[in-house]
Amino acid sequence: MSDSLNSSGDLPAFDLGEPAPAAKSEAYRVLARKYRPQTFAELIGQDAMVTTLGNAIRRGRLAHAFLLTGVRGVGKTSTARLIAKALNCIGPDGEGGATIDPCGVCEPCRAIAEGRHIDVIEMDAASHTGVDDVREIIDASRYSAVSARYKIYIIDEVHMLSKNAFNALLKTLEEPPPHVKFLFATTEVNKVPVTVLSRCQRYDLRRISAEQLAAHFAFVSAAEQVEAEPEALAMIARAAEGSARDGLSILDQAIAHAGIEGAENNRGVTAAAVRDMLGLSDRGAVRDLLGLLLVGDGLGALGALRRQYDLGVDPQAVLRALLETVHKVTLVKLGTPPEAGQANEEREAQEGWASALSFAALHRLWQLLLKGHDEVARAALPIEACEMALLRVVHASQLPDPGELARQMAAGGPVAVAVAPSAKPGASIEAALPNTIEAIIALLDQNGEYGLVESLKRNASVVLMSPPDMVLSAARPLPTELLPSLTAALKQYTGRAWKVTTDAALGAPTIRERHLESKEVVRAEILSSPVVKAAFEAFPDAVLPEEELDRLIAAKRSERI
């Protein structure tokens, strides 16, 4: 019993300690911020710029102002911070100088990375657009850096500065103090005054290729311990359109989407999940749809489109996917190497189409789909507009190839051309070149060449018409663009090369001249009619209004017709 008592005779006290504080969960950082490049080696897709900067730093040829331009998310602000590190790094031992490989451990490097360095000032020009904001920079730039080698001003979206702000900055920008460097970043370099551009060393940051982005996203997925299908990462890379930040944001969303599926069914980031998340059209479905279009199966094509639409795929995205496929088929026909990681069935389908379709057919298909894409973008009824665009492609798939028509015509004789599936089997049509100026104008009018049609009506005085040769009179000056435009249009719409020349001889009256001549003939007939002549004799001062005369002329013409 005595052992259980302390020296004062009381029961011993037990030190249970303070309750352990609840662990604070670290605030989540989005992938675009977490994996922001901290060295030039981590900056992807900008090797040329890094090489130029490295040479400038090693040779001591440092500009006083840098302008970084490029699309969003390619690393403009990150590059500006890396340049600030490179210029102010002192190395782990504190004795280093400016370097293209900043150590990342010295106080300037760590302070710049954390955004707390007193001599590296970042300003968003979108919210500081006025001349007063620039005056503060000008006044502060006169004073030396507090602890760094250079005082650096990073101005993001510099094109947002007002005209007066730019003008106030010009003198300081041209002759800044030796301890000051300006780093400008902008997505719209065309809005930056040339007076500013001429005072800066400009670097154009390139779009990052889809292959580089996919490799980077694979690295990030592995670092985040998330499984991701290569096809899913490739889809994200294509959707990013060259922007690392956009792609990382999409990957962030895809990881979150994968996480709600449950532990048992969670297969990480899958292509199907990314496709659903982005509303993309399945590649297999696109290939099936394109195959239906090429064989002229209108009902099948519309059914395939509706199935995609019911799954939530935007009609414009379907046309965009079709355009991408046609472009890839064209590249395959040219003999380009296969894409990295491309599925075998996709490559086989593209090679099959490339061997079966001519370049002319592929270009025509591209133009039809591109026109449909633009129409759907403006349409009040997108899915209906998309259906009509696909039906136009189906119809065009049954039309003859212009090159083949030209070859058959050159061989002589009528040309039998396949007609649409709805026509009577075995039917054929006679293909002939237009042999009058009226027929040419009608052909051009049907194809929407309205400007060329009006020019021909006013200026085309035919000296000789012997298709595919045509001679126009040059007795009066012709518009300089008329002959080349007419030659190109006739070749496009007839499939045959035309020779359109001029001659000094007088030709037949133009369409407009004939129209005016016929109008004058009818006018003379009306004015010489007994009734009209009697009216003018009874009322010598009477005037026949021009509008009434035109109405009578129109009525007279309709009687003749």
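Heavy-atom basis, side chains included; hydrogens, waters and symmetry copies ignored.
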Okay, side chain of [X], backbone of [Y]: is any donor-acceptor separation there less than 3.5 Å?
| X | Y | value |
| --- | --- | --- |
| S243 | R72 | yes |
| D119 | A148 | yes |
| R207 | E241 | yes |
| K76 | V71 | yes |
| T336 | L331 | yes |
| R245 | A32 | no |
| H395 | L391 | no |
| T51 | D47 | yes |
| Q316 | V376 | no |
| D297 | L293 | no |

Just checking [X]: does its [atom1] atom have more than 12 heavy atoms from other residues, nucleotides or ligands closer to it than 6.0 angstrom?
| X | atom1 | result |
| --- | --- | --- |
| E114 | CD | yes |
| R149 | CZ | yes |
| I118 | CD1 | no |
| L334 | CG | yes |

Should [X] and [Y] count as an ion pair when the cut-off is N to O under 4.0 Å?
| X | Y | value |
| --- | --- | --- |
| E107 | R116 | yes |
| R238 | E211 | no |
| R202 | D204 | yes |
| R36 | E42 | no |
| R392 | E375 | yes |

Lys/Arg cation over aromatic F359: K333, 6.0 Å, 45° cone: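 Because its charged atom sits under 6.0 Å from the ring centre and within 45° of the axis, K333 does stack over F359.
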With the side chain counted from C-beta on, respond yes when [X] and [Y] share a heavy-atom pair under 4.5 Å apart, and no when they do not.
| X | Y | result |
| --- | --- | --- |
| E324 | V286 | no |
| L251 | V226 | no |
| L248 | V30 | no |

Atom [atom1] of [X] and atom [atom2] of [Y]: how far apart are they, to the nearest 0.5 Å?
| X | Y | atom1 | atom2 | value |
| --- | --- | --- | --- | --- |
| T99 | N88 | OG1 | CG | 12.5 Å |
| W366 | L362 | CH2 | CG | 11.0 Å |
| L68 | I83 | CG | CD1 | 5.0 Å |
| T270 | M277 | OG1 | CE | 10.0 Å |
| I236 | L213 | CD1 | CG | 10.5 Å |
| L62 | I57 | CG | CD1 | 6.0 Å |

Using the side chain to side chain donor-acceptor pair (under 3.5 Å) criterion, which residues pair with E481? Sequence neighbours excluded.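 Partners of E481 by the side chain to side chain donor-acceptor pair (under 3.5 Å) criterion come out as none, since no residue qualifies.
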Minimum heavy-atom separation for [X] and [Y], please, with both atom names.
| X | Y | value |
| --- | --- | --- |
| L183 | A80 | CD1-O, 3.2 Å |
| A214 | A237 | N-CB, 3.8 Å |
| G372 | A389 | CA-CB, 3.7 Å |
| F217 | G247 | CZ-CA, 3.4 Å |

For H64, which residues count as a side chain to side chain contact (heavy atoms under 4.5 Å, CB included) partner, sequence neighbours excluded?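 H64: side chain to side chain contact (heavy atoms under 4.5 Å, CB included) contacts with P176.
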Distance-only polar pair, side chains of T187 and E157, donor-acceptor under 3.5 Å: yes
Applying ring-ring contact (aromatic ring centres under 6.0 Å, His included) to Y153 and not counting sequence neighbours gives F182
